[in-house]
Amino acid sequence: MTTKEAIAAGRVRMEKAVDDFRKELATLRTGRANASILDSIRVDYHGTPMPVNQLGTVAVPEATLLVISPWDPSVVPLIDKAIRASDLGLNPRMMAKWCASRCPRPRKNARKEIVKHLHKVLENHRTAIRNIRRDVKETIDKLEKEKKISQDEQKRALDEMEKISHAETKKIEDLSAAKEREILELR
């Protein structure tokens, strides 16, 4: 392995951590309808747990309204039951061929709890990025110890990895700050 390969692998792993952070942010309730908050809900469909978005279409016709239109109307009660059983705090209404739910705005205390959870998720992803940087550093140090690269090349590679890790950490911090503003500005 070369330093370029180690840095490229580290960059890919860090980008995956940022993508995972984006997915985590999408599942946080803010009082605005977002189809991705249903991603974690599984419906027992013919003995197989299926995600809601694979059973039909999930639409957001208004800022606070989610509408689930399953391809098989017989699954509407199952979707309703799964949403009620989740910890999302949604109260869906069943119709003949679809299910709809308003996304209630979280109260002040709930918003503070959501922000607290957001900070935990942010710190977990910061730690993941630091661990990736550490792994790449160990690989580069090992290459230098085995005399496969010079000390100058080691220093350049470590500096480049440091810049990449700072950039990726800044991305998740910016995403977190924007999401926190969105959560706290609700009235």
Side-chain angles (χ1 to χ4, degrees), residues 13-132 168-187:
R13 288 177 59 201
M14 286 182 187
E15 288 169 355
K16 285 181 183 176
V18 172
D19 288 341
D20 184 61
F21 184 70
R22 281 191 181 103
K23 289 176 186 170
E24 288 271 346
L25 289 183
T27 63
L28 291 179
R29 242 185 49 174
T30 62
R32 293 191 180 117
N34 182 349
S36 62
I37 67 170
L38 299 177
D39 287 352
S40 63
I41 296 178
R42 300 284 185 258
V43 176
D44 188 29
Y45 185 63
H46 297 295
T48 306
M50 299 280 292
V52 172
N53 61 4
Q54 289 184 8
L55 294 173
T57 57
V58 180
V60 184
E62 297 175 19
T64 62
L65 183 66
L66 281 171
V67 177
I68 303 114
S69 304
W71 294 296
D72 177 5
S74 69
V75 80
V76 170
L78 299 174
I79 291 173
D80 179 76
K81 181 180 176 185
I83 292 172
R84 287 180 192 278
S86 72
D87 62 348
L88 294 175
L90 299 177
N91 191 16
R93 288 184 321 187
M94 271 194 331
M95 301 300 171
K97 295 184 179 185
W98 51 275
C99 187
S101 180
R102 291 251 174 235
C103 293
R105 290 196 168 108
R107 300 206 186 285
K108 187 175 184 178
N109 290 342
R111 287 196 307 260
K112 288 181 182 178
E113 288 300 316
I114 293 169
V115 169
K116 213 183 274 187
H117 177 70
L118 171 65
H119 289 185
K120 285 180 189 173
V121 171
L122 172 64
E123 189 53 41
N124 289 343
H125 285 80
R126 276 186 191 141
T127 302
I129 289 173
R130 283 194 299 265
N131 289 342
I132 294 165
E168 298 299 324
T169 302
K170 181 155 176 34
K171 281 181 193 175
I172 63 172
E173 287 171 348
D174 291 346
L175 289 168
S176 175
K179 188 68 165 188
E180 185 173 346
R181 279 192 304 276
E182 180 183 342
I183 292 167
L184 293 176
E185 76 183 12
L186 295 175
R187 290 189 169 61

(request) For the pair Leu66 and Ile83, evaluate side chain to side chain contact (heavy atoms under 4.5 Å, CB included) and give the outcome as yes or no after the intermediate values. (result) CA-CA 12 Å; Leu66 281 171; Ile83 292 172; over 6 Å; no
(message) Quick one, Glu113 with Arg107, criterion salt bridge (charged side-chain N to carboxylate O under 4.0 Å, His left out). Give me CA distance, side-chain angles, the key distance, then yes/no.
(response) CA-CA 10 Å; Glu113 288 300 316; Arg107 300 206 186 285; over 6 Å; no
(message) Pair Asp80, Ile68 - check side chain to side chain contact (heavy atoms under 4.5 Å, CB included), show working.
(response) CA-CA 10 Å; Asp80 179 76; Ile68 303 114; over 6 Å; no
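Going from atom CD of Glu15 over to atom CD1 of Ile132 covers 10.0 Å, rounded to the nearest 0.5 Å. Here the CZ atom belonging to Phe21 is positioned 12.5 Å from the CD atom belonging to Glu168, to the nearest 0.5 angstrom. Once rounded to the nearest 0.5 Å, the distance linking OG of Ser74 with NZ of Lys97 reads 12.0 Å. If you take OG on Ser36 and CZ on Arg22, they are separated by 13.5 Å, rounding to the nearest 0.5 Å. Taken from NZ in Lys171 to OG1 in Thr169, the straight-line distance is 10.5 Å, to the nearest 0.5 Å. Taken from CG in Asp44 to CG in Leu78, the straight-line distance is 7.5 Å, to the nearest 0.5 Å.
For the pair Ser176 (side chain) and Ile172 (backbone), a donor-acceptor distance under 3.5 Å is absent.
Here the closest non-hydrogen pair linking Arg42 and Ala82 is O-CB, 3.7 Å. Nearest heavy-atom pair across Trp71 and Asn53 is CH2-O, 4.3 Å. Nearest heavy atom pair, residue Ala26 against residue Ile37, reads O-CG2, 3.6 Å. Ser69 approaches Trp98 most closely through the heavy-atom pair OG-CB, 4.0 Å. Of all heavy-atom pairs between His125 and Asp20, the closest is NE2-OD2, 2.7 Å.
The salt bridge (charged side-chain N to carboxylate O under 4.0 Å, His left out) test applied to Arg93 returns no partner, not counting sequence neighbours. Applying the salt bridge (charged side-chain N to carboxylate O under 4.0 Å, His left out) test to Lys120 and every residue at least two apart in sequence or in another chain returns nothing.
In the model, Arg102 has a side-chain atom that pairs as donor or acceptor with a side-chain atom of Thr64 under 3.5 Å.
A salt bridge does not link Lys170 with Glu173: none of the charged nitrogens is closer than 4.0 Å to a carboxylate oxygen. Looking at Lys16 and Asp19, no side-chain N of the basic residue comes within less than 4.0 Å of a carboxylate O on the acidic one, giving no salt bridge.
At a threshold of 4.5 Å between non-hydrogen side-chain atoms, the residues Pro92 and Ile79 do not count as touching. Side-chain contact check for Leu25 versus Leu118: some heavy-atom pair is nearer than 4.5 Å.
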